[in-house]
Protein chains: 2
Amino acid sequence: MSADAPESTGTRTVERALGLLAYVCEHGAVSLTEAARGSDLSVSTTLRLLRTLETTGFVSRDDSGDYRPGSITIRLGAQALSRETIVSVAEPKLHEIVELTSENAYLGLPSTSDTMLYAAGVQGTHPVQLANWVGRVIPRSTTAAGTAFAGRVGVHGYAVVRSGADHDSTAIAVPVHSVGTIVATLSVVIPNYRVTDPGLESIGALLVRVAGEISERLGSDPLPNQT
Amino acid sequence: MSADAPESTGTRTVERALGLLAYVCEHGAVSLTEAARGSDLSVSTTLRLLRTLETTGFVSRDDSGDYRPGSITIRLGAQALSRETIVSVAEPKLHEIVELTSENAYLGLPSTSDTMLYAAGVQGTHPVQLANWVGRVIPRSTTAAGTAFAGRVGVHGYAVVRSGADHDSTAIAVPVHSVGTIVATLSVVIPNYRVTDPGLESIGALLVRVAGEISERLGSDPLPNQT
DNA sequence: ATCATGTTGTCACTAGATGGAAATCTTCTC
DNA sequence: GAGAAGATTTCCATCTAGTGACAACATGAT
C-alpha cells in the first residue's frame, strides 16, 4: 500500500468486515467468539459480518463451527498474485523491447472473457508517438493481443493486425506461457506510416524471443510460498 | 461457496464493498467510473467504498487513477491458498499414518506466533481413543508440534512430548518443509498407557518418511497458476 | 473557446447497522 | 441424569453512519 493513500475516510462497517477477513485468514480457523474477541466487536455484530463474508464466499464455516478462508478469497488472491508476478517479470523486458524497437510495447492480461487489458507498457522513443494505452481494455476478437492470447500465431509465433483498434496503427503480438498455459501477451504497436514487412518480421522475432524468456521465468520459478 | 451457506442475511454495505473488491481483482485494473458502472452503484458510493478498500490495503491505486488489487488481498489469498494446498496434500498421508499406527494423526499449521492449529486430522482405529483435536489451537512452547515447527527435532528428526497438553497422552511430531521452509507439522497423539519406546521410534521414523514425501510434493510442484 | 466525461467533495435524510438482552444450543463436570 | 458455563443465534429499539443527488473541479477532445 502506497504511503500517499488517504487517511481513513472510510466506511466503518466495511473496515470491520475486512478486519475480520484478515483475522480469519491469518489464524486459519477461528470460532465466532474468538473472532469477536480478536476484533473487539460485539458477538452479534461479528456474527452478522462473518455471515456476510460467508454468503459472499470470502469465508466458509466448517463442521465444528469455525470460520476459515473461503474459495473467493483464495481465487481473488491467486488472481492478484498471478498478475503481480507476471507484471514484475515483464516490466524490464518491455523496456528491453522499446530499446531495440523504439516503439510502444505492452503487456496484455486477460480481463473479461472477451477483452484484454494492457496492464503494463513502456512508451516508445520516436519523436512521433502513439498515445499511451496502459490501462486500456481492448477486444480480443479484433486485436493482435487477443489473437495471440487465443494461440492463433502461425508458424512464426506472432500475430499481426494491421490498421486495427484505431485504424492508424498496426499491432504485433505474441503469447506468454506459464506452465504450459497462455497467461499474457506481449505487443508492439506501431503507427502505420512506420510499418514495413522486414520491420514486422524483425519485431516479431524479437517478441518471440523475449516472450520465451518471460515464459521460462514464469514456468520454472515456483510462485512464492508463505513464509 | 458451499450450497448450504445461509441466504443473504448480510450487511449490504459490506456486500457492496466485497463485490467491488471482486470486480477489481477480476478485471485487474479499473477506473472509478468503470467500477461504479460494473457494480451499479453511484459514483460517490463507489469512491467511498474503494477508498476504504484502499486504506485497508485490499486495493491500491496506480498513477493513472486505476484501482488494482492491493498487497493485503495478495497476502491473504496466498496464505489461504497455501493452507488449502498443504491440507489437500497431507490428508491422504494422514490416512496412511493411521493405517500403519492405529493412532490419531494430525496436521499442524501455524496459527498465531505462539500457537499452532490442528487444521486436519484422522481418528485412530483403537477401541479406546483420544478425543478428536481437529480445529484445536495448541501452544507452541509446550507441545511436540510447536517444537517440531521450531525445528528442534534432534538427530532422529522428530520431537516427543510425554504427558503434554492433557497429561494423559504423549505426542510425537515432525516438521513439514516447503521450498526449504517449515510450513506445517505432522503429529501422532497416543494415550500414555499405549506408549512404548520402540513404538515411539517406529512412529517417529514413519512420520519422518511421510513428512519427507509431503515436503517433496510441496517443494517441487508449483502452486497452481491461474488458468 | 465549448463540450463531454471523469473525479472529488458536500450534506440532508433515513435506511440499515448496532449491540444489549433473551432464547437456544452445546459441552463439561459431578 | 441435572446443572453450570460458555457459545451461538435471534430479536428489535435506537440512532449512527451510509447514501446519492448535486455542485465543483479536472481532463481531454474538438
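We name chains A, B, ... by the order of the sequence lines, and we start the count at 1 in each one. Only a predicted model underlies this, so the values are computations on that prediction, with no experimental measurement involved.
At a cut-off of 3.5 angstrom, counting only N and O atoms as typed in the model, there is a donor on one side and an acceptor on the other between the side-chain of B:Ser44 and the base of C:dG9. Contact of A:Thr45 with C:dA17 (side chain to base): no donor-acceptor pair of N or O atoms is detected under 3.5 Å.
Taking CE from B:Met116 and OG from B:Ser141, the interatomic distance works out to 12.0 Å, rounded to the nearest 0.5 Å. The OG1 atom of B:Thr185 sits 12.0 Å away from the CD1 atom of B:Ile172 when rounded to the nearest 0.5 Å.
Atom CG in B:Leu20 sits about 10 Å away from atom P in D:dT19, given to the nearest Å. Atom P of nucleotide D:dA7 and atom CG of A:Asp62 are separated by 17 Å, given to the nearest angstrom. Whole-Å rounding puts the B:Leu32 CG to D:dT27 P distance at 15 Å. Residue B:Leu50 contributes atom CG, which lies 15 Å from atom P of D:dG18 at whole-angstrom precision. Rounded to an integer number of Å, the gap from CZ of A:Arg48 to P of D:dT8 is 16 Å. Computed from coordinates, the B:Leu49 CG to C:dA17 P distance equals 11 Å when rounded to whole Å. Between the CG atom of A:Asp66 and the P atom of D:dT8 there is a distance of 8 Å, rounded to whole Å. As a whole-Å value, the separation of B:Tyr67 OH from C:dG6 C1' is 12 Å.
The nearest heavy atom of DNA chain D to B:Leu41 and to A:Leu47 marks one nucleotide each, and the one closer to the 5' end goes with A:Leu47. Comparing A:Arg12 and A:Arg37 by the nucleotide of DNA chain D whose heavy atom lies nearest to each, the residue mapping closer to the 5' end is A:Arg37.
Taking side-chain N and O atoms only, B:Arg16 has a distance below 4.0 Å to OP1 or OP2 of D:dT19.
Residue-level contact check: A:Thr33 touches the backbone only, with heavy atoms under 4.0 Å from sugar-phosphate atoms and none from bases. Residue contacts shown for B:Thr13 are limited to sugar-phosphate atoms, with no base heavy atom under 4.0 Å away.
Using a 4.5 Å heavy-atom threshold, the side chains of B:Val59 and B:Thr73 count as separate. Within the 4.5 Å cutoff, no side-chain heavy atoms of A:Leu76 are placed close to those of B:Leu76.
Considering only side-chain atoms of B:Arg61, the nucleotide from C:dT8, C:dG19, D:dT8 that sits closest is C:dT8. Relative to the side chain of B:Thr11, the nucleotides D:dT9, D:dG20, C:dA17 differ in distance, and C:dA17 lies closest. In this structure, of D:dT19, D:dT9, C:dT8, it is C:dT8 that holds the atom nearest to the side chain of B:Arg51.
With B:Phe58 as the fixed residue, the side chain to side chain contact (heavy atoms under 4.5 Å, CB included) test singles out one of B:Leu20, B:Leu21, B:Ile74, B:Val24: B:Leu21.
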